[in-house]
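One structure below.
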Amino acid sequence: MAAVKTGAEVAGNRIAIVAVLIITLIFLAPIYWIIATSFKPRNLSTTIPPTIVFTPEISPFVKLFTKRSQLREQPTQEQLDAAPWWERIVLEGGEKVVRDGKGNVQWSAYPNRFMNSLIVAITSTVLAVGMGTITAYGFSRFKVKGEADLLFFILSTRMLPPVVVAIPMFLMYRAVGLNDTHWGLILLYTAFNLSFAVWLMKGFIDEIPKEYEEAALVDGYTRMQAFFKIVIPEAATGIAATAVFCFITAWNEYAFALIMTNRRAQTAPPFIPSQVGSGLPDWTVIAAGTFLFLLPVAIFTFLLRNHLLRGMSFGAIRK
Amino acid sequence: MATAVIETLDPKSRAASRGMSDIAIRNLFIIPTIAFLIIFNIFPLLYSLGYSFTDFRASTNAPANFVGLQNYRELLNDPFIWTNFSITAKYVIVSVTGQVVVGFGVALLLNRDIPFKGLITTLLLLPMMLSMAVVGLFWKLLYDPSFGIINHVLGLGTFEWLSNADMALYAVAITDIWMWSPFVMLLSLAGLSAVPKHLYEAAAIDRAGSLYTFFRITLPLVAPILMIAIIFRTMEAFKTFDLAYILTSQPTTEVISIRLYKMAFQEWQTGRSSALAYIVLIMILAITNIYVKYLNKVKER
């Protein structure tokens with residue numbers, strides 16, 4: 001650009017900035033609406049017109065975690081005084097928290113599904129990144145016959161539509177008893193993420209100069225020692241970025257989870273939509289569940305911001 | 001394939017004399033991954049290839065009968081399947097075009113000095129990182145004819161989005177555009193920032209118009225990366241399942257993945273759905289092939 005900006009250019013820039021701000025607000029509006037709804041009292045979640053200004057409350061989160069039943073009549077003052085603060089919110093809304101014979105609060109299915117998501121996403125990430133890193137090193141440093149074809153094969157497994165793979169996998173899992181188990185999903189997600197991890201890690205390892213390991217080999221390291229003591233620490237950032245990508249993919253996955261699990265191992269993505277059945281759903285509880293579910297990904301996105309381009313292009317485009 | 005892996009390596013390499021040989025390490029590092037992917041992707045596909053020639057139904061204990069190419073013949077002659085394919089094609093065109101227009105447009109706007117550019121870019125990228133199924137579900141509330149915020153803001157009264165047979169596919173595409181324009185934007189920004197500044201300076205000296213500059217300098221140089229974004233999004237839109245499945249149950253939004261899912265797991269026509277899966281698979285592999293060629297091309301630059 002010319003050093004001195006013309007008046008038209010400055011005006012153009014201002015218009016562009018305003019446009020960018022408006023677009024950003026539009027893009028964030030649905031996310032804002034999820035967060036806002038998760039702090040609304042139920043009767044304000046589906047008003048005509050939509051309620052934009054309201055006093056936030058955390059009753060949706062209390063409801064999200066507990067089983068409740070409808071109260072026949074208004075709660076008495078004694079009931080209200082006896083209840084802990086979080087239960088009082090539910091009582092005031094005309095519901096009571098279900099307890100078992102010993103007085104323990106009955107949890108809803110949500111924390112269980114959330115835990116399933118965590119178990120499956122973390123385990124499959126560790127497996128995929130572990131295997132992906134060593135395979136990427138193999139491709140990066142050694143001559144492999146038919147390397148291009150093998151790498152294409154590896155990437156092509158990632159492109160398979162989940163429903164296509166799910167048909168035979170469902171039958172195979174049924175035969176070996178892996179349907180609706182954590183391991184069933186973990187292995188599927190590992191396979192899915194493995195190809196991605198190989199491609200991304202190969203890019204990161206290619207960037208580490210070979211001379212580092214060669215120097216170590218001269219110093220008497222074995223190839224294995226050189227790999228673990230030189231390459232792995234050098235690739236730490238890449239490994240972390242790859243891991244976050246794999247985690248997010250596994251965390252968000254829906255189709256396999258829908259087909260392969262129904263109760264015990266069900267993760268949050270198929271569970272959250274299943275709450276919207278017939279009748280009027282309580283959108284505040286769904287929003288609360290959605291908000292907590294999206295939170296880790298939002299945090300990771302910020303941590304990952306400088307690696308997004310690379311991850312999204314399978315390591316092909318670096319900045 | 002195994003023989004392809006176990007082959008020559010430079011035997012003179014230094015580490016060959018100490019510890020594990022390089023060949024042993026290479027095989028140890030590569031073969032398990034290849035084997036794992038074969039077990040979890042290729043073997044199942046062979047398994048379903050076998051079933052695609054039978055009338056097997058996973059919901060019964062009846063043994064599978066070999067029916068030859070009947071499933072394929074019937075599927076390819078089934079007008080309903082072609083409807084599903086044309087719905088998918090329409091969805092791909094609407095959704096990918098929207099993503100390219102919005103994504104590339106925003107990238108052009110962002111490609112200048114803007115306060116808090118990093119923060120704004122990251123915020124704009126957020127939608128694509130979120131779960132399609134979970135966020136998609138919430139769009140049901142946004143699209144609601146009476147208490148949805150979209151109709152309220154746009155002043156559309158009680159306009160039906162998702163329960164309107166003609167509109168539902170566009171509604172799904174709009175949500176998809178919201179989620180994935182950021183992807184096109186991200187790649188376009190990378191392409192735009194790689195355009196050498198001196199080209200613009202030269203164009204300015206020649207008093208080239210901004211349209212001329214855009215079509216003769218910007219677009220050709222960004223094109224390869226933009227192509228990657230377009231092919232990748234085409235492939236993903238072709239496979240789309242989550243959003244359309246969650247948002248509506250209109251026959252007009254039954255893309256091919258949903259048809260496949262219903263055939264396999266609701267109607268339990270295992271044999272026939274395996275055949276359909278193969279037809280879809282061949283199409284996907286064709287697109288993947290083009291995609292990888294482009295990836296490698298851009299990589300070489």
Side-chain angles (χ1 to χ4, degrees), chain A residues 1-2 13 16-17 19-20 23-24 27-28 30 33-34 46-50 131 134-135 137-138 142-143 145-146 152 155-157 159-161 163-165 167-169 171-172 191 194 217 222-224 248 252 254-255 259 269 272-273 283 290 293-294 297 301-302 305 308-309 312 316-317, chain B residues 4 7 9 14-15 18-20 22 25-26 29-30 33 37 40-41 44 47-48 58 106 109-110 112 114 120 122-126 129-131 133-134 137-138 141-142 146-147 149 152 183 186 190 200 204 239 241-242 246 257 260-261 264-265 273-274 277 280-281 284 288 292 295 298-299:
Chain A
M1 297 279 164
N13 258 337
I17 291 171
V20 163
I23 291 165
T24 310
F27 264 79
L28 292 180
W33 202 248
I34 293 174
T46 48
T47 54
I48 309 168
M131 288 176 78
I134 61 171
T135 304
Y137 180 79
F142 303 122
K143 279 182 204 143
K145 221 181 183 183
F152 172 72
L155 185 66
S156 67
T157 62
M159 303 305 168
L160 300 174
V163 183
V164 169
V165 181
I167 297 170
M169 282 318 281
L171 299 173
M172 291 165 74
L194 184 49
L217 293 174
T222 64
R223 175 67 83 167
M224 275 292 195
I248 290 175
N252 287 346
Y254 173 72
I259 294 165
I272 293 174
W283 281 103
T290 302
F293 179 77
L294 300 181
V297 174
T301 302
F302 273 91
R305 59 190 181 277
L308 285 175
L309 177 65
M312 284 289 165
I317 307 165
Chain B
E7 277 296 341
L9 169 80
R14 200 177 294 277
R18 271 193 312 269
M20 289 173 80
D22 277 5
I25 289 174
R26 182 197 61 185
F29 279 11
I30 292 178
T33 289
L37 289 174
F40 277 88
N41 286 308
Y47 197 78
S48 65
V106 178
L109 289 175
L110 271 176
R112 66 192 74 222
I114 283 180
I120 289 173
T122 310
L123 285 173
L124 280 171
L125 293 174
L126 202 51
M129 306 303 284
L130 305 175
S131 165
V134 176
L137 172 76
F138 209 81
L141 178 64
L142 304 180
S146 38
F147 38 75
I149 186 81
H152 178 66
F183 175 79
L186 179 69
Y200 289 124
K239 295 191 292 190
F241 173 77
D242 306 12
I246 280 187
S257 291
L260 189 54
Y261 171 77
F265 297 103
S273 62
S274 300
V280 173
L281 185 68
I284 289 285
T288 306
V292 173
L295 268 188
V298 167
K299 231 175 175 175

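Naming: A, B, ... by sequence-line order, numbering from 1 per chain.
Atom CG of residue B/Leu124 and atom CG of residue B/Leu110 lie 6.0 Å apart, to the nearest 0.5 angstrom. Here the CG atom belonging to B/Asp22 is positioned 10.0 Å from the CZ atom belonging to B/Phe29, to the nearest 0.5 angstrom.
Here the shortest heavy-atom pairing between A/Ile248 and B/Met129 reads CG2-O, 3.5 Å. Considering all non-hydrogen atoms of both residues, B/Ser274 and A/Ile167 come closest at OG-CG2, 3.9 Å. Taking all atoms of both residues into account, the shortest heavy-atom contact from B/Lys239 to B/Ser257 is O-OG, 2.9 Å.
Interface remark: B/Phe241 contributes side-chain atoms only to the contact with chain A (heavy atom separation under 4.5 Å). Heavy atoms of A/Leu194 lying under 4.5 Å from chain B belong exclusively to its side chain. Residue contact with chain A, scored on non-hydrogen atoms closer than 4.5 Å, involves the backbone and the side chain of B/Phe40 alike. With a threshold of 4.5 angstrom between heavy atoms, A/Leu155 approaches chain B through side-chain atoms but not through N, CA, C or O. Heavy-atom distances place the side chain of A/Phe293, and not its backbone, under 4.5 Å from chain B. For B/Leu260, the parts sitting under 4.5 Å from any heavy atom of chain A are the backbone and the side chain alike. Residue contact with chain A, scored on non-hydrogen atoms closer than 4.5 Å, involves the side chain of B/Phe183 exclusively. Using a 4.5 Å cut-off between heavy atoms, B/Leu123 contacts chain A through both its backbone and its side chain. B/Ile149 touches chain A through backbone and side chain together, each having a heavy atom under 4.5 Å away. At a 4.5 Å heavy-atom cutoff, the contact between A/Ile259 and chain B is made by side-chain atoms alone.
Each of A/Leu28, A/Val297, A/Thr47, A/Ile34 has some count of heavy-atom pairs under 4.5 Å with chain B, and the biggest count is that of A/Ile34. Of the residues considered (A/Pro269, A/Pro273, A/Ala19), A/Pro273 shows the highest number of contacts with chain B, using heavy-atom pairs under 4.5 Å. Ranked by heavy-atom pairs under 4.5 Å with chain B, the list A/Pro30, A/Gly138, A/Ala255 is led by A/Pro30. Chosen from A/Val20, A/Ile17, A/Ile23, the residue pairing most often with chain B at heavy-atom distances under 4.5 Å is A/Val20. Highest contact tally toward chain A, considering only B/Leu130, B/Ile114, B/Ile25, B/Leu109, is held by B/Leu130 [criterion: heavy-atom pairs under 4.5 Å]. Most heavy-atom pairs under 4.5 Å with chain A, from the set B/Ile246, B/Leu142, B/Leu141: that is B/Leu141.
The side-chain heavy atoms of A/Trp33 and A/Pro50, taken from C-beta on, include a pair separated by under 4.5 Å. Side-chain contact between B/Leu125 and A/Arg305 is absent, with no heavy-atom pair separated by less than 4.5 Å. Residues A/Arg223 and B/Arg26 form no side-chain contact, since every pair of their non-hydrogen atoms from C-beta on lies 4.5 Å or further apart.
Between the side chain of A/Thr157 and the backbone N or O of B/Asn41 there is no donor-acceptor pair closer than 3.5 Å.
Defined by atom type and a distance below 3.5 Å, a donor-acceptor pair is present between the side-chain atoms of A/Thr135 and B/Thr33.
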